[in-house]
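What follows is a short report on a single structure.
Since the structure is predicted, the reported quantities are computational estimates derived from the model, not experimental observations. Proteins get letters first, then strands, A, B, ... in listed order; numbering begins at 1 in each.
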Amino acid sequence: MPLQVYNTLSKQKEAFVPLEPGKVRFYVCGVTVYDYCHIGHARSAIVFDVIYRYLKRGGYEVTYVRNFTDIDDKIIRRANETQGDYREIADRFIAAFYQDMDALGVLRPDLEPRATDHIPQMIELIETLVAKGVAYQSGTDVYFRVERFPDYGKLAGRSLDDMLAGARVQVDEHKQNPLDFVLWKGSKPGEPFWDSPWGPGRPGWHIECSAMSNQLLGRTFDIHGGGKDLIFPHHENEIAQSEAATGVPFVRYWLHNGFVNINNEKMSKSLGNFFTIRDILETTHPETLRLFVLSKHYRSPVDFSDEALQEAERGLERFYNTLATVATRATADPNQAFADSALTAQDGELFERTGHLAELFTAAMDNDFNTAQAIGHLFELQRTLQRFLDRFGQKKLKGAAAHLAAQAGAALVEHAGVLGLLKRRPEQFALELRRLRVHQTGISEAAVEAAIERRREARERKDFAESDRIREELLAQGVILEDSPQGTRWRIRARHDEA
RNA sequence: GGCGGCAUACCCAAGUGGUAAGGGAGCGGUCUGCAAAACCGUAAUUCACCGGUUCAAAUCCGGUUGCCGCCUCCA
């Protein structure tokens, strides 16, 4: 079964067939850089990052483009508020964007064009539209004439009549039709501007994606992604501009991710109910946020809450705990080879599951990127592996057993990696998680280590009263101890454990 | 007003015609000096409700109810 993707344009799942065999041209609407990103942006970035990784793993040569909108009214307003230049605002928030995305493990796209570097291409595109009579100048602005594009509304599934009947359409004296949208805006004195055939001004929002995708990916390309809220008017307008200008189909597959909700309501800047990525990462491991996002299908809404995040973190700890056990107790000698029969003899189910993971994982992902199901398969292998490890008690595994366990662990890491998960070494993850949580409790790591050492001495002389007293004391401060033959590990209690 | 989406156990969630994945929480057990972690066992005769199609429906069709989104900047 080849890759199936849900196409917003056809409103159904379709077999994915790229324009040119073996190559995928992929464009995702990036952010307007006037503020810090919130977790809605994180979801979009993570979802398309996984799609990008999966396409590459499938052997496609992918050209992934994600733009920065670095000129727009909000940026100008922000610059005016801070008495600064719009370019400083844009640069600052692009830097912040990279910090957030890098922290989340989101890969950099192949190309990241900035709108202001492509003004000539936009002007050229607008000129073409004017020459064709699909766009007109009105005052110092240029508008797109929606009535001249018969397919207008095909992405959003509405007709012009439907939309005109809507109560919210505002009449604008510059527009011939209230649904006409701006391609070029004349600048007011003091505002940033570029010279154009229609006087000094700046591009409208929609035109940049048409101009840049056209230049970098061609007139028709394979995938265009973005949040559901961009379907109308942004993507609808991109189609209108692009197809009116080129006369060929703009995009073959439109992919849209669902929203992040807070208390079942859309999180958005305008509602003010948003959390920034950097705020969340103060207390939450980045892979936790990734697992949380990918535990739901990308098109469904997801409700964000501290509890939901904690649940995801518990699951992530489970994976890493198993990997940690493999690392310490099942170190396989890479020079030693074993026959399948020897491995099957150790644990037939584990051997089977390890071998079938690729198939199950691919089947899930091929079904419109069903990451939730793919993660379910990862958990199944994790549980089987952990069960196998437990059979040996605290002993180290040797020979075929160690080999089988190591192989299962490697399969887990490899597939989780396509989702951008389990990218760390287990001890590194434990350390990072502990650091995040230690930060919240106010205890120092050194103090904990010292207490553990005192407890170790007490346990050595079988003074369990003292040993337990120390453990209780630490627990009261949120520190949980885990004894093992390799020594005592410690971690900070997750917040929901306190109840 | 127009258009669209969703409703699966205590919670999150996959499943789109063949007899309910997975995670979290809870409870019982194993292990442990005692714990923690981990493992084992345990939960929906049922998928909002009503009706229909079918040998067979959570999955398809019609209706009802509830929630959400888009139509305005928005991932």
Side-chain angles (χ1 to χ4, degrees), chain A residues 8 11 13 28-32 34 37-48 72-74 153 156-159 161-170 179 205 225-234 236 256-261 264-271 274 291-292 295-297 299-303 305 307-308 310-318 321-322 324-325 360 364 367 370-380 382-383 386-391 393-394 459 462-465 467-468 471-472 475 480-484 488-491 493 496-497 499:
Chain A
T8 307
K11 293 175 180 54
K13 279 187 209 172
V28 172
C29 287
V31 292
T32 301
Y34 73 104
C37 287
H38 56 61
I39 51 183
H41 297 111
R43 182 180 194 194
S44 185
I46 289 169
V47 161
F48 289 109
D72 117 302
D73 291 351
K74 293 186 292 294
R158 309 173 193 152
S159 67
D161 291 343
D162 287 344
M163 289 185 274
L164 281 171
R168 305 247 219 135
V169 177
Q170 286 182 3
L179 291 168
W205 174 37
K228 272 192 156 77
D229 47 359
L230 297 183
I231 295 172
F232 194 91
H234 185 53
E236 192 68 61
H256 292 97
N257 66 275
F259 299 130
V260 175
N261 292 162
N264 213 23
E265 283 200 331
K266 177 182 172 180
M267 181 173 73
S268 75
K269 284 289 173 67
S270 36
L271 288 173
F274 62 92
L291 181 60
F292 167 73
S295 294
K296 289 92 186 164
H297 188 87
R299 284 190 282 117
S300 309
V302 339
D303 208 58
S305 68
E307 292 70 38
Q310 292 304 325
E311 270 185 28
E313 195 146 278
R314 293 280 298 155
L316 192 60
E317 283 187 271
R318 235 169 118 83
N321 280 339
T322 299
T325 307
L360 293 170
N367 184 12
N370 194 335
T371 53
Q373 189 172 48
I375 288 167
H377 295 311
L378 296 180
F379 272 113
E380 280 172 350
Q382 176 274 330
R383 185 159 35 79
Q386 181 67 53
R387 192 188 300 153
F388 179 67
L389 294 167
D390 278 10
R391 285 221 311 254
Q394 299 287 3
R459 290 181 77 210
K462 302 261 191 256
D463 184 354
F464 294 123
S467 158
D468 289 352
R471 189 173 61 200
E472 285 303 315
L475 186 62
I480 295 171
L481 301 186
E482 292 174 14
D483 296 328
S484 82
T488 298
R489 290 197 305 171
W490 64 278
R491 62 192 176 89
R493 175 165 64 184
H496 85 258
D497 286 348

Atom P, compared across rA35(B) and rA48(B): separation rounded to whole Å: 43 Å

Whole-Å C1' distance, rU32(B) and rA37(B):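 The same atom, C1', in both gives a distance of 11 Å.
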
Sugar-phosphate only, base, or nothing, as touched by Phe379(A) at under 4.0 Å among non-hydrogen atoms: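 Contact class for Phe379(A): sugar-phosphate only.
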
Hey, is the side chain of [X] poking within less than 4.0 Å of OP1 or OP2 on [N], counting only N and O atoms?
X	N	result
Arg387(A)	rC40(B)	yes
Arg314(A)	rG23(B)	no
Arg299(A)	rC6(B)	no
Arg318(A)	rA37(B)	no
Lys266(A)	rA75(B)	no

Does any nucleotide pair with [N] by Watson-Crick or G-U wobble geometry, both distances under 3.5 Å, and what is it?
N	result
rC3(B)	rG69(B)
rC39(B)	rG29(B)
rA21(B)	none

Base rG22(B) to side chain Glu380(A), donor-acceptor N/O within 3.5 Å cut-off: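 When only heavy-atom distances are counted, Glu380(A) does not reach the base of rG22(B) through any donor-acceptor pair under 3.5 Å.
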
